[in-house]
Structure formats: structure tokens, C-alpha cells
Amino acid sequence: ALFARGFGAGLCLSLHIRLPLSLLLAKHRGPRRTCADMAPRRAAKFFQPPGPARQVEAAGLVGRDRPCSALCRCLDAAAGDWENLDPPEPGEWLEEMITRTPDQSFKDFVASRPNMPDRSRRTIYLLPLCDPPELALPPFPAGPWPSWSALEEVVRKFYSPLQVAALPAVPMERLRPRPTSRNSSYGRQWHAAQVLNAMSDMLPKDAYCTLGVTMCDLYPRPEWNFVYGLARITGRVGVFSFVRHTPDRHDSHTRSKAWCEAQLLHRSMKTMLHEIGHMFGLKHCTWYNCLMRGSNGEGVEHQVNLLHLCPVCLRKLHFSTGFDVPTQHASMLELLSKFEGANELFQKDCDFLRRRLAAVSDLPPGAAGDMKRIAELAGDGGPCDDGGGAADAATLPRRPARAASRPGSRGRIAASGGASAVGRGSVAEAGVGADAEGGGGEGGGDDGRV
């Protein structure tokens with residue numbers, strides 16, 4: 001066969017020139033294919049759960065970024081209170097989206113120069129996108145919405161010391177310019193990017209961010225079948241929907257009304273807190289089974305994440321707002337304990353908060369908080385007492401919240417959930433901090449999938 005290829009190949013053999021057989025046959029076989037060419041694209045990178053040493057380093061608890069001892073105590077995972085990530089199973093977020101879910105350590109977070117609240121922009125606004133009478137109805141399942149007062153309160157407690165305020169409800173049809181809509185299995189479905197266009201013109205001057213909240217279904221572009229949420233991080237606006245979080249018919253018929261109410265409320269709280277976390281620059285977490293972890297939805301992921309941040313993400317948020325960690329935990333426990341008797345997810349959250357509060361019960365009040373930062377964002381005005389406070393490393397830079405990156409720009413896009421193509425399954429659940437991509441999972445990071 002080689003001699004049939006011509007005199008040149010035969011001459012090479014007769015002169016005993018040691019050329020690889022594959023090289024001699026290259027022209028006959030066509031271009032060489034490497035192992036990378038033949039391997040499935042999705043298998044190019046596999047997620048490996050990090051070990052304790054990497055987790056500690058990611059939280060900035062070693063070296064020059066190490067905070068004060070009180071904050072280190074609050075972030076100490078040695079007791080096992082935070083759940084580690086399992087290796088992902090087929091179809092889960094970290095199996096499908098790992099190439100778009102880069103690790104973000106505390107050091108990476110600071111280097112990204114995230115939006116920072118300041119004296120002029122320190123309010124989180126919530127905008128209900130519905131008919132105003134809907135919010136006066138009883139919570140689901142008697143009415144269409146989860147408890148609005150509980151949603152507003154959980155944002156206030158979780159993101160303290162920032163202010164939280166609700167804007168008057170606006171129906172989707174009243175937004176200007178009016179967004180495009182179409183029919184879906186969940187009723188009328190609205191173009192999320194066009195909703196953001198309308199919201200950008202409604203942004204209050206003192207807003208750190210404005211989040212539209214709706215029980216209407218959303219989609220980010222015509223070829224996608226849905227999205228849980230979408231945000232423009234530098235534009236400081238986002239929108240997300242709870243309609244696909246409602247318990248299914250089986251649960252509605254076999255569970256109590258109190259369980260169904262609490263189940264929708266827990267999922268909705270998780271979506272809100274996750275999405276707002278993206279507005280602070282927190283990307284999808286790859287360190288623990290954290291609130292900020294990317295997810296393709298509770299029906300897909302074998303690990304359900306809860307309403308608390310891991311040590312890495314807790315450190316990032318503390319850097320932004322300076323809150324006292326034990327005070328935040330106690331405040332969250334006060335709210336969530338009202339629902340722990342009705343639903344096992346709230347019970348797990350309360351158990352976690354009690355363990356963490358017990359672990360730091362000997363800390364003086366305010367020891368793990370940056371008191372000057374708290375006073376600035378709470379609106380107390382003026383310099384604060386130098387005595388207390390666990391301010392993060394003084395060498396770490398801060399910068400105020402910014403508007404869109406250039407005049408006329410609407411900011412970077414972040415998507416949250418939905419399917420990436422019509423008929424496709426879920427890819428994300430609730431992410432305000434990513435670009436539009438989708439599935440049925442959790443929120444995205446800065447310009448990433450949600």
C-alpha cells in the first residue's frame with residue numbers, strides 16, 4: 001500500500017529514513033486529529049470539589065488578607081457547619097456549566113472592583129410588577145404571591161445595613177416602552193430584556209439597585225423558552241419571576257397549605273437573595289453548597305442549597321457592607337423561625353443559624369462588624385467610634401457604586417435560569433449576575449449564566 005502511494009514513500013523506506021508511519025499516511029488519512037479533537041467538548045473540564053486548604057485560602061483567611069480574629073471566628077468552617085459540594089451528577093449545573101463558572105475567591109472578588117454601596121446609593125428598591133390589588137391578597141395558595149411582607153423583610157435583614165424600600169406596584173402592561181409578550185404554559189410571558197429597558201428609566205437616584213419582582217413568566221430572547229431572571233449589573237437593574245417556583249400539583253394535593261405556602265416562600269427568598277448577591281458582584285460559588293451556588297433547579301440538583309452564604313461569599317458581602325455577622329444571623333433566625341414548623345427547608349436554615357450563633361456566642365456585640373461602614377450605609381452620618389469594628393484589611397480598595405460603563409450603555413447583562421433554546425430543559429435557576437443563559441437553575445455571576 002505504501003508503494004502504491006508513489007515512489008517517494010518507497011524511497012523513504014528503502015533508505016531506512018525513520019519517519020513515523022502516521023506521517024507517511026497523513027495525506028491519505030487527511031488532517032491529524034488530536035485527543036482533544038475527538039473528546040466531547042463538555043468533558044474538557046471536570047469539577048473537582050475543593051479541599052479545606054483551598055477553601056480557607058479562597059476566603060482570605062491566610063496571608064495579608066486575613067481579617068481580625070472575630071471575623072475569622074465567624075468564617076471558621078472547621079466544625080463542619082457548611083456543607084461541602086458533592087461531585088456533580090449528569091445534568092447538574094456544575095456538570096453542564098463548569099466552563100462558564102470560574103472560581104471566584106475573595107481576592108478575585110476584590111480585584112474585580114465590584115459595585116460598592118455608598119452614602120448616595122445605599123437603598124435596595126423592590127418593584128412589584130403586577131396589579132396593585134394582588135399584593136393585598138392572602139399569600140399563596142390562597143393568592144398568587146408568596147408573602148410580600150416576608151420577602152421584603154428577608155432582604156432587609158440579609159443585606160443590612162442597606163436600606164430596603166418597595167416601590168408602588170406597576171403592571172407589566174403599564175411599562176413604557178411596553179415590553180413584547182407571548183403566550184406560554186404559565187400564561188403571558190414577557191421579554192425580560194425589554195422589561196429592564198423600561199426599568200432603567202425608573203431608577204431612583206439613591207438606588208444601589210432596583211429589582212423587579214413578578215409572578216409573570218419571562219424569556220430573554222425569542223429562541224429561548226423561559227428565564228427565571230435577568231439583570232444589568234452596571235446598570236443596577238434586574239428582574240426575576242417566581243411563577244415557576246410554585247409547588248407542583250402533586251405537592252399541592254398531598255401537602256398541607258402551610259407547607260405549600262412555606263415552600264414557595266423559601267424558593268422565592270432564595271431567588272431574591274441570590275439575585276441581589278449578583279448585584280454586589282458575587283459570582284456563582286464553587287467552594288461550598290452555598291446560596292450563591294449555580295443550580296439547575298431543585299428537581300435536577302441532588303444537593304439543595306439553603307438561605308445562607310458560605311465563608312467565602314460571606315467574606316465578600318462583609319467587605320461590601322461591613323455588617324456584623326452574628327447580628328445578621330440572629331436577625332435572620334428571628335424571621336425564618338416563624339416558618340420552620342411548616343417546612344423542612346426553613347428548619348434546616350434555622351438549625352444552621354443556631355449552630356453558628358452558638359459557635360460565636362462569646363464574641364462582644366459588633367466585634368465582627370465594620371462599625372464605620374455600618375454607620376455610613378445606615379445613614380447615621382458622620383464618622384463613627386473608632387473603638388469597635390472588624391474592618392477588612394485597610395489595604396483593600398473600595399469604590400462606590402457605578403452607573404453603566406459608558407454614556408448610552410445599559411450595562412452588562414446577567415441572566416438567571418431559563419432554557420437556552422426552545423424546548424430545552426433547565427440550565428439555571430435564579431441568577432441576576434450572569435449573562436442570559438438558561439435552564440431552570442440558579443442565578444448567574446457577572447456576565448455569566450444563571
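Nothing here was measured: the structure is a model prediction, and the numbers come from that model. Residue numbers run from 1 in the order of the sequence given.
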Fill in: Worked verdict on Phe319 versus Met116 for side-chain contact (heavy atoms from CB on, under 4.5 Å)
CA-CA 9 Å; Phe319 176 76; Met116 298 289 287; 4.1 Å; yes
Fill in: Steps toward side-chain contact (heavy atoms from CB on, under 4.5 Å) verdict (Met172, Val195)
CA-CA 8 Å; Met172 284 286 196; Val195 173; 4.0 Å; yes
Item to complete: Could you give me the CA-CA distance, side-chain angles and deciding distance for His245 and Thr271, then say whether side-chain hydrogen bond (donor to acceptor under 3.5 Å, both in side chains) is met?
Response: CA-CA 9 Å; His245 290 334; Thr271 294; 2.7 Å; yes
Fill in: Evaluation steps, side-chain contact (heavy atoms from CB on, under 4.5 Å), between Leu85 and Arg293
CA-CA 9 Å; Leu85 285 166; Arg293 190 203 80 198; 3.5 Å; yes
Practice prompt. Evaluate ring-ring contact (aromatic ring centres under 6.0 Å, His included) for Trp82 paired with Phe352, printing each intermediate quantity in order.
Written response: CA-CA 8 Å; Trp82 284 276; Phe352 168 84; 5.6 Å; yes
Discussion item. Walk me through whether Phe339 and Ser147 qualify under side-chain contact (heavy atoms from CB on, under 4.5 Å).
Written reply: CA-CA 12 Å; Phe339 309 100; Ser147 169; 5.8 Å; no
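Checking Arg232 against Asn197 by side-chain atom types alone, a donor-acceptor pair falls below 3.5 Å. Side-chain contact, Arg182 with Gln189: a donor N or O sits under 3.5 Å from an acceptor N or O. When only modelled atom types and interatomic distance are considered, Asp349 and His266 share a side-chain donor-acceptor pair under 3.5 Å.
Closest approach of Asp324 to Ala367, counting heavy atoms only: OD1-N, 3.7 Å. What you find for Leu211 and Cys209 is that their closest heavy atoms are CD2-SG, 3.3 Å. Contact detail for Ser268 and Pro146: the closest heavy-atom pair is OG-CG, 3.7 Å. The nearest pair of heavy atoms linking Gly369 to Ile374 is CA-CD1, 4.4 Å. Heavy-atom minimum distance, Ala358 versus Ser361: O-OG, 3.2 Å. What you find for Leu357 and Pro326 is that their closest heavy atoms are CD2-O, 3.4 Å.
The backbone N or O of Phe46 sits nowhere less than 3.5 Å from a side-chain atom of Glu95 that would complete a donor-acceptor pair. For the pair Trp259 (side chain) and Ser252 (backbone), a donor-acceptor distance under 3.5 Å is absent. In terms of modelled atom types and a separation under 3.5 Å, the side chain of Gln303 and the main chain of Asn84 share a donor-acceptor contact. Formation of a donor-acceptor pair under 3.5 Å by the Tyr159 side chain with backbone atoms of Thr321 is not found in this model. Between the side chain of Gln55 and the backbone N or O of Trp287, at least one donor-acceptor pair lies under 3.5 Å. In terms of modelled atom types and a separation under 3.5 Å, the side chain of Glu301 and the main chain of Asn296 share a donor-acceptor contact. In this structure, the side chain of Asn289 engages the main chain of Val304 through a donor-acceptor pair within 3.5 Å. No donor-acceptor pair under 3.5 Å is formed between the side chain of Arg267 and the backbone N or O of Arg244. Formation of a donor-acceptor pair under 3.5 Å by the Gln194 side chain with backbone atoms of Thr180 is found in this model. In this structure, Arg119 contributes its side chain and Leu377 its backbone to no donor-acceptor pair below 3.5 Å.
Ion pair Glu173/Arg188 not flagged as a salt bridge, since none of the NZ, NE, NH1 or NH2 atoms sits closer than 4.0 Å to an Asp/Glu carboxylate oxygen. Contact check on Asp351 versus Lys348 returns no salt bridge, with no Lys/Arg side-chain nitrogen under 4.0 Å from an Asp/Glu carboxylate oxygen. The pair Glu57-Arg54 fails the salt-bridge criterion, with no side-chain N (NZ, NE, NH1 or NH2) lying under 4.0 Å from an Asp/Glu carboxylate O. Checked for salt-bridge contact, Asp81 and Arg355 meet the test: a charged N lies under 4.0 Å from a carboxylate O. For Asp103 and Lys283, the salt-bridge test fails: no basic side-chain N is under 4.0 Å from an acidic carboxylate O.
Within the 4.5 Å cutoff, the side chain of His318 has no heavy atoms near those of the Gln328 side chain. Taking the side chain as every heavy atom from C-beta outward, Tyr288 and Glu83 never approach each other to under 4.5 Å. Using a 4.5 Å heavy-atom threshold, the side chains of Leu196 and Val239 count as touching. Considering only heavy atoms from C-beta on, Val164 comes within 4.5 Å of Leu126 through its side chain. At least one side-chain heavy atom of Leu135 sits under 4.5 Å from a side-chain heavy atom of Cys130. With contacts defined as side-chain heavy-atom distances shorter than 4.5 Å, the pair Phe280/Pro114 does not qualify. Residues Thr101 and Trp93 have side chains in contact (heavy-atom distance under 4.5 Å, counting atoms from C-beta outward). No side-chain heavy atom of Ser331 sits under 4.5 Å from any side-chain heavy atom of Ser160.
Note that CZ of Phe47 and CD of Glu92 are 11.0 Å apart. Values are rounded to the nearest 0.5 Å. One distance of note links NE2 of His274 with OH of Tyr228; it measures 12.5 Å at 0.5 Å rounding. Taken from CG in Leu307 to CG in Leu345, the straight-line distance is 8.0 Å, to the nearest 0.5 Å. In this structure, CG on Leu203 lies 9.5 Å from OH on Tyr125, to the nearest 0.5 angstrom. Going from atom CG of Leu175 over to atom CG of Leu129 covers 6.0 Å, rounded to the nearest 0.5 Å. Between the CG atom of Leu336 and the SG atom of Cys350 there is a distance of 5.0 Å, given to the nearest 0.5 Å.
A cation-pi arrangement, defined by a distance under 6.0 Å to the six-membered ring centre and an angle within 45 degrees of its axis, is present between Arg315 and Phe106.
No more than 12 heavy atoms of other residues, nucleotides or ligands sit less than 6.0 Å from atom CZ of Arg249.
Contacts classified as salt bridge (charged side-chain N to carboxylate O under 4.0 Å, His left out) and involving residues 155-167 (residues at least two apart or in different chains) are given here: Glu152-Arg156, Glu153-Arg156, Glu153-Lys157, Lys157-Glu334.
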